[in-house]
2 protein chains.
Amino acid sequence: MTLEEGAINSKLQELGTGWQRQGKHLILRETFGNFVDAMAFAQAITPLAEDQGHHPDLEIGWGRCTVLLTTHDDGGLTEKDFTLAKAIDRIR
Amino acid sequence: MTLEEGAINSKLQELGTGWQRQGKHLILRETFGNFVDAMAFAQAITPLAEDQGHHPDLEIGWGRCTVLLTTHDDGGLTEKDFTLAKAIDRIR
């Protein structure tokens with residue numbers, strides 16, 4: 001079930017710095033000093049996603065990893081997205 | 001130094017199935033049965049990129065990893081892109 005606007009805005013305040021809401025997505029753009037560190041961040045997200053049965057889209061390049069969260073099945077942002085975002089915050 | 005059109009088309013024939021040329025990029029869209037396998041493919045590309053000092057952009061999601069190659073410094077496709085593409089073919 002997708003969250004209402006008020007809930008989304010409230011939950012955004014609970015997330016770490018850098019998370020942005022763009023339409024149906026939560027987006028985090030992290031930067032790194034090289035490719036390996038960007039990939040390591042992506043790799044560290046993998047067990048969190050597996051644990052939660054909810055998976056991000058990741059865009060990785062030299063010195064950057066962008067995390068995009070949405071709940072495709074529900075067509076927008078749900079509790080699942082914020083739960084995964086909080087787990088990701090703990091490994092940043 | 002970017003490659004001429006004739007050279008690009010010729011080199012494309014030498015790559016494995018699935019590689020497409022889109023403008024200034026070589027693109028490979030691989031699919032997998034889950035998120036972990038898609039991430040493992042991305043992870044396996046990392047040492048190849050490090051060895052060559054040339055890095056792809058990767059888009060990873062549940063069951064998919066898209067590889068995008070270009071030589072940003074030269075503004076298009078170069079030998080570096082095809083060399084990395086061939087190395088990636090060897091781990092597919």
Side-chain angles (χ1 to χ4, degrees), chain A residues 19-20 22-85 87-88 91-92, chain B residues 19-20 22-85 87-88 91-92:
Chain A
W19 286 102
Q20 296 183 311
Q22 290 187 7
K24 295 181 176 178
H25 287 81
L26 288 179
I27 299 179
L28 176 69
R29 293 182 173 84
E30 287 279 270
T31 57
F32 303 88
N34 53 55
F35 188 88
V36 169
D37 288 351
M39 181 60 74
F41 180 61
Q43 191 69 26
I45 291 172
T46 302
L48 310 178
E50 288 292 303
D51 284 349
Q52 299 187 12
H54 188 59
H55 298 83
D57 289 335
L58 301 171
E59 296 177 358
I60 299 158
W62 193 96
R64 63 185 172 78
C65 178
T66 298
V67 182
L68 299 98
L69 298 177
T70 193
T71 305
H72 291 289
D73 289 350
D74 290 347
L77 290 170
T78 68
E79 291 279 0
K80 291 180 182 178
D81 299 304
F82 284 93
T83 301
L84 183 51
I88 291 170
I91 62 165
R92 290 169 69 189
Chain B
W19 286 101
Q20 295 184 312
Q22 291 188 8
K24 295 180 176 179
H25 287 81
L26 288 179
I27 299 179
L28 176 68
R29 293 182 173 85
E30 288 278 271
T31 57
F32 304 89
N34 53 54
F35 187 87
V36 169
D37 287 351
M39 181 61 73
F41 180 62
Q43 191 69 26
I45 290 172
T46 302
L48 309 178
E50 288 291 303
D51 284 348
Q52 299 186 13
H54 188 58
H55 298 84
D57 290 334
L58 302 171
E59 295 177 0
I60 299 158
W62 193 97
R64 63 185 172 76
C65 178
T66 298
V67 181
L68 299 97
L69 298 177
T70 193
T71 305
H72 292 288
D73 289 349
D74 291 347
L77 290 169
T78 67
E79 291 280 0
K80 291 179 181 176
D81 300 303
F82 285 93
T83 301
L84 183 50
I88 291 170
I91 62 166
R92 290 169 67 191

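Quick note on labels: first sequence line is chain A, next is B, and so on, each numbered from 1.
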Looking at A:Pro47, A:Ala38, A:Pro56, A:Gly61, which one has more heavy-atom pairs under 4.5 Å with chain B than the rest? A:Pro56

With respect to chain A, which residue among B:Thr66, B:Val36, B:Asn34 yields the maximal number of heavy-atom pairs within a distance under 4.5 Å? B:Val36

Please classify the contact between A:Glu50 and chain B as side chain, backbone, both or neither, with a heavy-atom cut-off of under 4.5 Å. side chain

Any chance you could measure A:Leu58, atom CG, to B:Phe35, atom CZ, to the nearest 0.5 Å? 4.5 Å

At what distance, to the nearest 0.5 angstrom, does CE of A:Met39 lie from CD1 of B:Ile60? 5.0 Å

